[in-house]
Amino acid sequence: MQTNIPSTSAALTSLLGADFTTQWRNRRAVIMVILVPTIILISWKGLIDKFGGAFALSNCITIGLISIGLMGYSNAIARDRDKGVFQRLRVAPVSSWSIMASRLAVQLAMILVMTTVVFIAGSYYDKIVLSPSAYALSYVSAIVGGAVYLGLGQAIVGLIKNPETVNSTTRLVYFVFFMIGMFGELGVLGKEIGDAVKWSPYGTVKHILSSSMQPANWDMKATVALLVTIGYTIVFSIMGIKWFKWSTR
Amino acid sequence: MNNQLKESVLQVEGLNIYYGSFQAVRNVSLEVKAGEIFGLLGPNGAGKTSTLSAIEGLLKPQSGNISIAGYNIKEKPLYARANIGVQLQSTSFQPELTVSEIIRLYGGIYGVEMTIEKLEKMLTNIKLEDAASKRFGQLSGGQQQRVSLVIAMIHEPRLVLLDEPTTGLDPQSRRQLWERMEALRENNHGILLTTHSMEEAEAVCDRIAIIDHGQVITIDTPQALIESNRNKPEVISASRKGKITLEDVFIGLTGRAIRS
């Protein structure tokens, strides 16, 4: 009797269909991820004259990226792992990387949607319009920056098994990044904290986004920030992959 | 057809599994033939789940060989997995997906072409034709089990692994599942069943292996197990109504102590 092994692309297509459907059915959470940076951007209208459009947009997109990586991705992985969804998939003739690639593709789409909404809101409410090359570069930077937080989310689900603990931990980390990152960037928390924030995952991601929005101003500091961002991604991903267990049992 | 002549759909030889220094499975060997329902019984912590996880490919044994439909699980893991259908103990599908979306997902993963007619037939077979657009999370426990079984069978696997499939089911649903298992046997599928219900094992299994402390302590037909052990003092002392049952044999062989 012949054994039928489906092609990787066919299996991946099925997985993507299911994962995008699941994401769509959880659209309240999706809306929250998009709403928070958009509301911040709209409420910062008064600061744009002082700090510039790139500053506002890059901060808001960074906050959106943190939500996607920490709140969206890690919680979905923790829940499905706890329910045995991954174990059921892994007993089928599908590679483990296909299962994860499909999950990451959904988050990649989320990054693009969130970035687009922030750009539209910036253009509509704050009249921030970038050049086409700046938009293109910013999308690339959003993906590179998003990878840091997806890696961090992966490290958290690797380290913590219980989905409720993952949920509370990611909220706490989100809050820390959000508050210290944003206020540190604004210089409200003093010079030392401000300097630390600049080289934190928040600061470097924000920096490459901001520099991408003004390609003419891309300098050595931006290149170093890009390298540090890639470094964070590699470290978090290695930790996340090394610690990750497919089952909580 | 004589079972001796039937081909083997699962061969486990000399399986050893350790968790750190603790040996959970000790030199386990067993064979399931096509058209056979094989029961794997044991108290909690006896090594059933570890053995099953190794067969499913979810756990790498330290030593031993596992072949499914002739495919070695180490050498040809995808081919081996393509020949297994698995029903896990816990719910294991995204609760947001509908029944038909889950069937389509696994149809795609197993390379099964899924037409509307085929999908409707599958749903009718498990009496869920009205629940096609219901989300998995909204189904009752029995309905979820039926979906899980249909997914386990979606690609007509040679070997079906059922991990305590009737836990939490009402008597009607349990009987229905037994009938489905018997229908699978008729169609020449091999079934490896784990259960804590001796009534179930006695009712449906052709052969049974009792595993304890990681070791297979006996393999035989339910009737032969009862016959060969009925005069053992520990089995007689386990008997409650004078008549020796499979449960008495099980308790006689594995002891009365409650396992964690």
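The sequence lines fix the lettering, A, B, ..., with proteins before strands; numbering per chain opens at 1.
The minimum heavy-atom distance linking B/G108 with A/P6 is given by the pair O-CB, 3.9 Å. The heavy-atom pair separating A/V94 from B/R81 by the smallest distance is O-NH1, 3.4 Å. Of all heavy-atom pairs spanning B/A82 and A/I5, the tightest one is CB-CD1, 3.6 Å. When all heavy atoms of A/A18 and B/L97 are compared, the pair lying nearest together is O-CD2, 3.7 Å.
Using a 4.0 Å cut-off between charged nitrogen and carboxylate oxygen, B/E96 and A/K83 do not count as a salt-bridge pair. At a threshold of 4.0 Å, the pair A/R88-B/E56 does not count as salt-bridged, since none of the basic side-chain nitrogens sits closer than that to a carboxylate oxygen.
Neither the backbone nor the side chain of B/S53 comes within contact range of chain A; no heavy atoms are under 4.5 Å apart. Both the backbone and the side chain of B/Q94 come within less than 4.5 Å of a heavy atom of chain A. Proximity to chain A (any heavy atom under 4.5 Å) is shown, for B/I102, by neither the backbone nor the side chain.
You'll find the side chain of A/R25 reaches within 4.5 Å of the side chain of B/T98, heavy atoms only. At a threshold of 4.5 Å between non-hydrogen side-chain atoms, the residues A/V85 and B/F93 do not count as touching. Between A/R79 and B/P95 the shortest side-chain heavy-atom distance falls below 4.5 Å. You'll find the side chain of A/V91 stays beyond 4.5 Å of the side chain of B/I84, heavy atoms only. Residues A/P93 and B/Y110 meet the side-chain proximity criterion, which asks for heavy atoms closer than 4.5 Å.
The local environment of OH in B/Y79 is sparse, with at most 12 non-hydrogen atoms from other residues, nucleotides or ligands closer than 6.0 Å. The 12-atom threshold is exceeded at CZ of A/R27, counting heavy atoms of other residues, nucleotides or ligands nearer than 6.0 Å. Under a cut-off of 6.0 angstrom, the local environment of OH in B/Y19 is crowded, with over 12 non-hydrogen atoms contributed by other residues, nucleotides or ligands. Atom OH of A/Y125 sits in a sparse spot, with 12 or fewer heavy atoms from other residues, nucleotides or ligands closer than 6.0 Å. Remark: A/W24 CH2 is loosely packed, at most 12 non-hydrogen atoms of other residues, nucleotides or ligands lying under 6.0 Å away. The environment of CZ in A/F175 is sparse: at most 12 heavy-atom neighbours from other residues, nucleotides or ligands sit within 6.0 Å. The 12-atom threshold is exceeded at NZ of B/K74, counting heavy atoms of other residues, nucleotides or ligands nearer than 6.0 Å.
Annotation: maximal heavy-atom pairing with chain A below 4.5 Å, among B/R135, B/R104, B/Q87, occurs at B/R135. No other option in A/D19, A/T13, A/L12, A/L89 has as many heavy-atom pairs under 4.5 Å with chain B as A/L89.
Remark: B/L58 CG to A/Q87 CD distance equals 4.5 Å, nearest 0.5 Å.
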